[in-house]
J.: 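Have a look at this one before I ask anything.
Atom set for the values below is all heavy atoms of this structure, side chains included, hydrogens, waters and symmetry mates excluded. Counting begins at 1 with the first residue of the sequence.
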Amino acid sequence: MTDWRPFLYGGIASIAAECSTFPIDTTKTRLQVQGQVLDAHLRDLKYRGMVHAFVRIFKEEGAHALYSGLAPALLRQATYGTIKIGVYHTLKRALVSDPANETLAVNVFCGVVAGITSSSIANPTDVLKVRMQAKSSKPGCDNMFCSFVKIYQQEGVGGLWRGVGPTAQRAAIVAGVELPAYDVAKKHIISYGYFGDTKETHFLASFFAGFVGALASNPIDVCKTRMMNQKKKIVVEAVPASSAGAVSPALYTSTLDCLVRTTKTEGFMALYKGFIPNWLRLGPWNIIFFMTYEQLKSIY
């Protein structure tokens with residue numbers, strides 16, 4: 001219960017993985033916020049896919065735009081990643097003292113608790129990251145501190161915890177799937193005698209964890225991104241068309257509301273917008289994270 005290593009190693013491994021995959025995360029965010037039929041500002045489909053989004057952002061806004069929001073992302077991983085992995089492993093040992101006696105149910109429960117706890121605490125940094133990633137480069141406020149002040153002044157403290165519901169739900173799904181998936185895959189690979197507790201095992205188990213995590217979390221990730229990106233008030237087109245644009249309350253009031261509205265106006269597959277970059281990010285992210293974590297464990 002007093003072992004500090006999972007917290008420290010989790011934070012370091014999370015930061016390393018985030019730095020390596022951040023441009024993919026930026027393209028995922030841009031793909032997820034576009035095409036919202038109910039929002040006039042985000043209705044156009046500017047990007048046709050991951051590669052097109054990556055190239056267009058690079059050409060029109062510069063390479064630095066692909067790393068817009070990196071500072072809050074690293075701050076988020078320093079808190080979210082540290083707490084998530086630390087709570088997961090600490091809670092597992094509190095419930096089951098012998099790793100050999102761990103069950104899938106226990107690991108899923110610990111992952112869900114760790115995901116909800118860590119994401120709720122780190123939510124403001126996630127809001128900053130999403131807002132900085134979603135906007136195209138424009139003159140004015142473009143750093144983390146300035147964005148923080150702007151959100152606080154315009155939306156209050158609640159603005160910094162905007163989307164905390166879907167964020168916690170997504171984190172519960174991701175942590176509740178990825179962490180147990182890695183542990184189970186690693187355990188079976190070793191028990192079947194394919195490899196020992198080696199880098200090859202860590203690679204295969206982390207690749208599997210990234211895929212199932214992306215598959216399970218993408219719909220809630222779309223809702224999280226959209227709810228974090230929306231302001232208190234947005235401009236929507238009034239009906240009839242001859243009327244001027246009107247200001248109305250934020251479109252999505254809850255995760256369920258976002259899921260329903262998105263499906264009705266854009267179709268079910270809209271919930272899997274950004275899936276390819278999401279998977280291509282979570283795959284390498286998990287590989288880098290778990291292999292870094294395992295190497296740190298082997299050192300001390």
J.: Between T255 and G165, what is the shortest heavy-atom contact and its length?
T.: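 Distance-wise, the nearest heavy atoms are OG1-C, 4.3 Å.
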J.: Could you walk me through whether Y252 and T262 satisfy the side chain to side chain contact (heavy atoms under 4.5 Å, CB included) test, starting with their C-alpha distance in whole Å, then the side-chain angles of each, then the deciding distance to 0.1 Å, before giving a yes or no?
T.: CA-CA 9 Å; Y252 310 116; T262 299; 4.2 Å; yes
J.: Are any non-hydrogen side-chain atoms of F211 and L282 less than 4.5 angstrom apart?
T.: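 A side-chain contact is absent here, since even the closest heavy-atom pair is not under 4.5 Å.
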J.: Give the cluster check for M50 versus V55: same hydrophobic cluster or not, with ILVMFWY residues linked at side-chain heavy-atom distances below 4.5 Å.
T.: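 Hydrophobic grouping puts M50 with V55.
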J.: Should L204 and F208 be marked as a side chain to side chain contact (heavy atoms under 4.5 Å, CB included) after you check the CA-CA gap, both sets of side-chain angles, and the distance that decides it?
T.: CA-CA 6 Å; L204 292 174; F208 173 73; over 6 Å; no
J.: For Q32 and G274, indicate whether the former's side chain and the latter's backbone hold a donor-acceptor pair under 3.5 Å.
T.: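 No, the answer is negative, given that no donor and acceptor are paired below the 3.5 Å cut-off.
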J.: Do P23 and F54 touch side chain to side chain, with heavy atoms closer than 4.5 Å?
T.: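 The answer is yes, as the side chains (C-beta and beyond) meet within the 4.5 Å cut-off.
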J.: In Å, rounded to the nearest 0.5 Å, how long is the span from CG of L215 to OH of Y272?
T.: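 Between L215 CG and Y272 OH, I get 5.0 Å after rounding to 0.5 Å.
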J.: Please say whether the positively charged group of R76, taken as NZ for Lys or CZ for Arg, lies over the ring of Y80, i.e. under 6.0 angstrom from the six-membered ring centre and within 45 degrees of the axis.
T.: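 The answer is yes, since R76 meets both limits relative to Y80.
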J.: Closest approach of S119 and A168, non-hydrogen atoms and distance?
T.: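 Taking S119 first and A168 second, the nearest heavy atoms are OG-CA, 3.3 Å.
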J.: Taking all non-hydrogen atoms of both residues into account, name the closest pair between A172 and V112 and its distance.
T.: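 Answer, listing the atom of A172 first, then V112: O-CG2, 3.7 Å.
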J.: In chain order, what residues pass the side chain to side chain donor-acceptor pair (under 3.5 Å) check against N278, with sequence neighbours excluded?
T.: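 Once residues adjacent in sequence are excluded, the partners of N278 under the side chain to side chain donor-acceptor pair (under 3.5 Å) criterion are N218.
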J.: Should T225 and V33 be marked as a side chain to side chain contact (heavy atoms under 4.5 Å, CB included) after you check the CA-CA gap, both sets of side-chain angles, and the distance that decides it?
T.: CA-CA 7 Å; T225 299; V33 299; 3.5 Å; yes
J.: Is a donor on one side and an acceptor on the other found under 3.5 Å between the side chain of S191 and the backbone of K187?
T.: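 Checked: pair present.
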J.: Should the pair D3-R93 be classified as a salt bridge under the 4.0 Å nitrogen-to-oxygen rule?
T.: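 Here D3 does not pair with R93 in a salt bridge, since their nearest N and O are not under 4.0 Å apart.
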J.: Check for me, please, whether F207 and F275 land in the same ILVMFWY cluster - side-chain distances under 4.5 Å, paths through other members count.
T.: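 Hydrophobic grouping puts F207 with F275.
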J.: Out of curiosity, does I116 fall in the hydrophobic cluster containing Y88 (side-chain heavy atoms, cut-off under 4.5 Å, transitive links)?
T.: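 Unlinked, Y88 and I116 end up in two clusters.
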J.: Is any side-chain heavy atom of S118 less than 4.5 Å from a side-chain heavy atom of V87?
T.: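 S118 vs V87: side chains apart.
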J.: Taking the side chain as C-beta and beyond, is there a heavy-atom pair between F22 and L74 under 4.5 Å?
T.: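 Contact flag for F22/L74 side chains = no.
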J.: Would you call the rings of W4 and Y300 parallel, tilted or perpendicular, taking 30° and 60° as the class edges?
T.: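 Correct class here is parallel.
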J.: Quick one: list whatever passes ring pair (Phe, Tyr, Trp, His ring centres under 6.0 Å) with H52, sequence neighbours left out.
T.: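 Partners of H52 by the ring pair (Phe, Tyr, Trp, His ring centres under 6.0 Å) criterion come out as none, since no residue qualifies.
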J.: Does any non-hydrogen side-chain atom of I276 lie less than 4.5 Å from one of K28?
T.: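 Not touching, per the 4.5 Å side-chain cut-off.
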J.: To the closest 0.5 Å, what do you measure between CG (L66) and CD1 (I24)?
T.: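 L66 atom CG to I24 atom CD1 measures 10.5 Å (nearest 0.5 Å).
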J.: Under the side chain to side chain donor-acceptor pair (under 3.5 Å) rule, collect the residues that match up with Q77, sequence neighbours excluded.
T.: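 By the side chain to side chain donor-acceptor pair (under 3.5 Å) rule, Q77 matches E18.
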J.: Out of curiosity, does V96 fall in the hydrophobic cluster containing V184 (side-chain heavy atoms, cut-off under 4.5 Å, transitive links)?
T.: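 Cluster IDs for V184 and V96 differ.
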J.: To the nearest 0.5 Å, tell me how far K264 NZ sits from L259 CG.
T.: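 One finds 12.5 Å between NZ of K264 and CG of L259.
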J.: Closer than 3.5 angstrom, by distance alone: can the side chain of R162 be matched with the main-chain N or O of E155 as a donor-acceptor pair?
T.: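 It does not hold such a pair.
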J.: Decide side chain to side chain contact (heavy atoms under 4.5 Å, CB included) for K224 and D126; before the verdict, give the C-alpha distance in whole Å, the side-chain angles of both, and the deciding distance to 0.1 Å.
T.: CA-CA 10 Å; K224 175 190 82 75; D126 209 4; 3.4 Å; yes
J.: Which atoms form the tightest heavy-atom contact between P166 and M227, and what is the distance?
T.: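 Closest approach of P166 to M227, heavy atoms only: CG-SD, 3.6 Å.
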J.: Say you draw a straight line from OG of S68 to CZ of R30; how long is it, rounded to the nearest 0.5 Å?
T.: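 One finds 7.5 Å between OG of S68 and CZ of R30.
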J.: Are more than 12 heavy atoms, taken from residues, nucleotides or ligands other than F109, located less than 6.0 Å from that residue's CZ atom?
T.: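 Atom CZ in F109 is not crowded, with 12 or fewer foreign heavy atoms closer than 6.0 Å.
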J.: Looking only at heavy atoms, what is the nearest atom pair of S206 and Y182, with distance?
T.: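 Taking every non-hydrogen atom into account, N-CD1, 3.5 Å.
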J.: Output all residues satisfying side chain to side chain donor-acceptor pair (under 3.5 Å) with E178, sequence neighbours left out; order by chain, then residue number.
T.: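 Expected list: N286.
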J.: Are the side chains of L179 and I85 in contact, using a 4.5 Å heavy-atom criterion?
T.: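 The answer is yes; the side chains approach within 4.5 Å.
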J.: Can you find a pair of side-chain heavy atoms, one from S147 and one from R131, that are under 4.5 Å apart?
T.: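 S147 does not reach R131 side chain to side chain.
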J.: Is it true that H89 and Y293 have ring centroids separated by less than 6.0 Å?
T.: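 Yes, they do, as the ring centres are separated by less than 6.0 Å.
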J.: Is there a continuous path of hydrophobic side-chain contacts, each under 4.5 Å between heavy atoms, that joins F289 to L75?
T.: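 Each belongs to a different hydrophobic cluster.
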J.: To the nearest 0.5 Å, what is the distance between CD (E294) and CZ (F203)?
T.: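 The CZ atom of F203 is 14.5 Å from CD of E294, to the nearest 0.5 Å.
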J.: Just to verify, what does K199 make a salt bridge (charged side-chain N to carboxylate O under 4.0 Å, His left out) with, not counting sequence neighbours?
T.: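 K199 satisfies salt bridge (charged side-chain N to carboxylate O under 4.0 Å, His left out) with no residue once adjacent residues are dropped.
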J.: Looking only at non-hydrogen atoms, find the nearest pair between S20 and I288 and report the distance.
T.: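 The pair with the smallest heavy-atom distance is CB-CD1, 3.3 Å.
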J.: Parallel, tilted or perpendicular: which describes the rings of Y152 and F148, with under 30° parallel and over 60° perpendicular?
T.: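 The arrangement is parallel - the two ring planes meet at less than 30°.
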J.: Side-chain contact test, heavy atoms from C-beta onward, threshold under 4.5 Å: evaluate it for W285 versus S14 and give yes or no.
T.: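 In contact.
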J.: Does the distance from a Lys or Arg side-chain N to an Asp or Glu carboxylate O, for K273 and E266, drop under 4.0 Å?
T.: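 Salt bridge: yes.
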J.: Check side chain to side chain donor-acceptor pair (under 3.5 Å) between S217 and all other residues, then give those that pass, not counting sequence neighbours.
T.: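 For S217, no residue satisfies side chain to side chain donor-acceptor pair (under 3.5 Å) once neighbours in sequence are set aside.
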J.: To the nearest 0.5 Å, tell me how far R5 CZ sits from T90 OG1.
T.: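 Nearest 0.5 Å value for the CZ-OG1 distance: 11.0 Å.
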J.: Under a 4.0 Å N-O cut-off, is there an ion pair linking K186 with D183?
T.: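 Between D183 and K186 there is no salt bridge, as every charged N stays at least 4.0 Å from the carboxylate O atoms.
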